[in-house]
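Count residues from 1 along the sequence. In listed order, ligands and their atoms are each counted from 1.
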Amino acid sequence: MSDTLTIVVPCYNEQEVLPETVKELGNILQYLIDNSMVSGQSKILFVNDGSKDKTWNLISEYTSKYSYVAGVKFSRNYGHQNALLAGMSLAVKYSDMIITIDADLQDDVNAIPEMVKKYHEGYDVIYGVRNSRETDTFFKRRTALAFYSLMKNLGVNLIPDSADYRLLSKRATKALLSFKERNLFLRGMVPLVGYKSAKVYYARKERFAGKSKYPLSKMLHFALDGITSFSIAPIHLILYLGILTVIISIICMIYT
Ligand code: UDP
Ligand code: MG
């Protein structure tokens, strides 16, 4: 009897893409089960992050239609990272390994069998790493590069070009969930978990359908979460600015 896999998929207003997502992930899951790479109890778990469209109706429909689909629903929009956390917290109870993947099929689902293979070779953490940024806009490419180098200078260990497409074993997931962090930046936390890790490379595609749910404001907020939850450099900066202001004020006072 092989190990049970749960594929956790966060969804926010994804009605355009979900029919294709459930089809493609379903095919991959069937392939893995047929080849005894995962157990027949393996599932796809959709986490509805307070969608305002028909996303939840679709998820409910799939759960009654397909035995391998499960769904949970937030009372409102809590954000991508929280949706991942909720999905993993639920899935860890009945899974030996968990894969997280976006709903929009930008991450190539064909990398999943390779991830599972690596799991069976004894790896606990398997990062999906994109092998090019061709599908990104010039702006996104530049800002991503600047962000990685800033984080590196701040001493945060990030795996470049890997986001939230990864496989974690049960014990790696439990270790990740034991962090009490609330401003989640999961891709920074995963390397802290330790254990043996590997990378699987894939080509990141365009979104299959629908629009990005990460407008610039959300992306900046997310980047700030990444910086402030892993580094005290911003606090130091504020301290130095404070001291500088006091010194300048004293000089002005004496002068006047
Ligand atoms: N998402 C979510 N809650 C949000 C925003 C996004 O669950 O508040 C999900 C979204 O449905 C998708 C994933 O997070 O499955 C990544 O979002 P998206 O593809 O829009 O981001 P991008 O690829 O444009 O950075
Ligand atoms: Mg996307």
Side-chain angles (χ1 to χ4, degrees), residues 6-26 28 44-59 62 69-91 98-109 111-112 127-148 158-166 182-188 190 202-226:
T6 301
I7 304 175
V8 172
V9 192
C11 307
Y12 178 54
N13 296 343
E14 298 288 9
Q15 64 179 18
E16 287 91 359
V17 76
L18 272 186
E20 184 64 21
T21 308
V22 77
K23 202 168 86 192
E24 290 204 15
L25 286 177
I28 289 283
I44 303 167
L45 173 62
F46 289 106
V47 182
N48 178 28
D49 184 15
S51 300
K52 292 172 187 77
D53 64 358
K54 298 248 168 354
T55 295
W56 182 245
N57 303 40
L58 288 174
I59 295 173
Y62 302 147
V69 174
V72 277
K73 168 182 180 190
F74 276 162
S75 55
R76 64 166 169 85
N77 179 245
Y78 277 91
H80 176 209
Q81 301 287 295
N82 286 311
L84 288 173
L85 191 74
M88 289 190 291
S89 310
L90 264 178
I98 296 174
I99 289 178
T100 48
I101 186 169
D102 289 353
D104 59 3
L105 298 172
Q106 279 195 278
D107 304 325
D108 187 1
V109 298
I112 291 179
Y127 300 101
V129 178
R130 49 198 291 193
N131 52 20
S132 90
R133 282 192 169 265
E134 270 161 33
T135 53
D136 275 4
T137 59
F138 177 74
F139 177 74
K140 186 136 183 194
R141 254 196 323 255
R142 296 302 310 173
T143 47
L145 223 62
F147 180 68
Y148 282 121
L158 287 182
I159 311 291
D161 297 326
S162 95
D164 290 304
Y165 183 27
R166 65 176 91 80
R182 279 293 162 264
N183 298 310
L184 289 175
F185 188 72
L186 289 168
R187 66 194 68 175
V190 174
Y202 70 98
R204 190 161 157 105
K205 297 178 275 191
E206 304 275 2
R207 197 175 231 285
F208 182 81
K211 281 206 282 286
S212 171
K213 308 303 178 299
Y214 263 100
L216 187 62
S217 57
K218 242 189 202 174
M219 212 164 75
L220 282 176
H221 195 94
F222 185 46
L224 268 180
D225 269 349

Asp102 near the Mg ion (ligand 2) via N/O/S, less than 2.8 Å: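 Not a single backbone or side-chain N, O or S atom of Asp102 is under 2.8 Å from the Mg ion (ligand 2).
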For the Mg ion (ligand 2), does an N/O/S atom of Gln106 lie at less than 2.8 Å?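 Yes, within the cut-off.
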Verify, without hydrogens or angle tests, whether [X] (side chain) and [Y] (backbone) share a donor-acceptor contact under 3.5 angstrom.
{"X": "Gln15", "Y": "Thr55", "value": "no"}
{"X": "Asn13", "Y": "Lys52", "value": "yes"}
{"X": "Asp102", "Y": "Asp104", "value": "no"}

Within 45° of the ring axis of Phe185 and under 6.0 Å from its six-membered ring centre, is that where the NZ or CZ of Arg187 lies?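 Here Arg187 passes the 6.0 Å and 45° test against Phe185.
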Need the atom name: nearest N/O/S atom of Asp104 to the Mg ion (ligand 2).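 Per the distance ranking, Asp104 contributes OD2 as its closest N/O/S atom to the Mg ion (ligand 2).
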Between ligand 1 and the protein, which N/O pairs fall short of 3.5 Å?
residue, atom, partner, partner atom, Å
ligand 1, 3 (N), Asp49, OD2, 2.6
ligand 1, 3 (N), His80, N, 3.3
ligand 1, 8 (O), Asp49, OD2, 3.4
ligand 1, 8 (O), Asn77, ND2, 3.1
ligand 1, 8 (O), Lys218, NZ, 3.0
ligand 1, 11 (O), Tyr12, N, 2.9
ligand 1, 11 (O), Glu14, OE2, 2.6
ligand 1, 15 (O), Pro10, O, 2.8
ligand 1, 15 (O), Ala103, N, 2.8
ligand 1, 19 (O), Asp104, OD2, 2.6
ligand 1, 19 (O), Arg207, NH2, 3.0
ligand 1, 20 (O), Arg207, NH2, 3.0
ligand 1, 20 (O), Lys213, N, 2.4
ligand 1, 23 (O), Gln106, OE1, 2.7
ligand 1, 23 (O), Arg204, NH2, 3.1
ligand 1, 24 (O), Ser212, OG, 2.5
ligand 1, 25 (O), Lys140, NZ, 3.4

Name the one of Arg207, Lys211, Lys54 that satisfies salt bridge (charged side-chain N to carboxylate O under 4.0 Å, His left out) with Glu14?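 With Glu14 as partner, salt bridge (charged side-chain N to carboxylate O under 4.0 Å, His left out) holds for just one option, Arg207.
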Taking the side chain as every heavy atom from C-beta outward, state whether Tyr62 and Leu18 have any atom pair closer than 4.5 Å.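 A side-chain contact exists here, since the closest heavy-atom pair is under 4.5 Å.
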Just checking, is any N or O donor in the side chain of Gln81 or Asp164 under 3.5 Å from an acceptor N or O on the other one?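 Side chains of Gln81 and Asp164: pair found under 3.5 Å.
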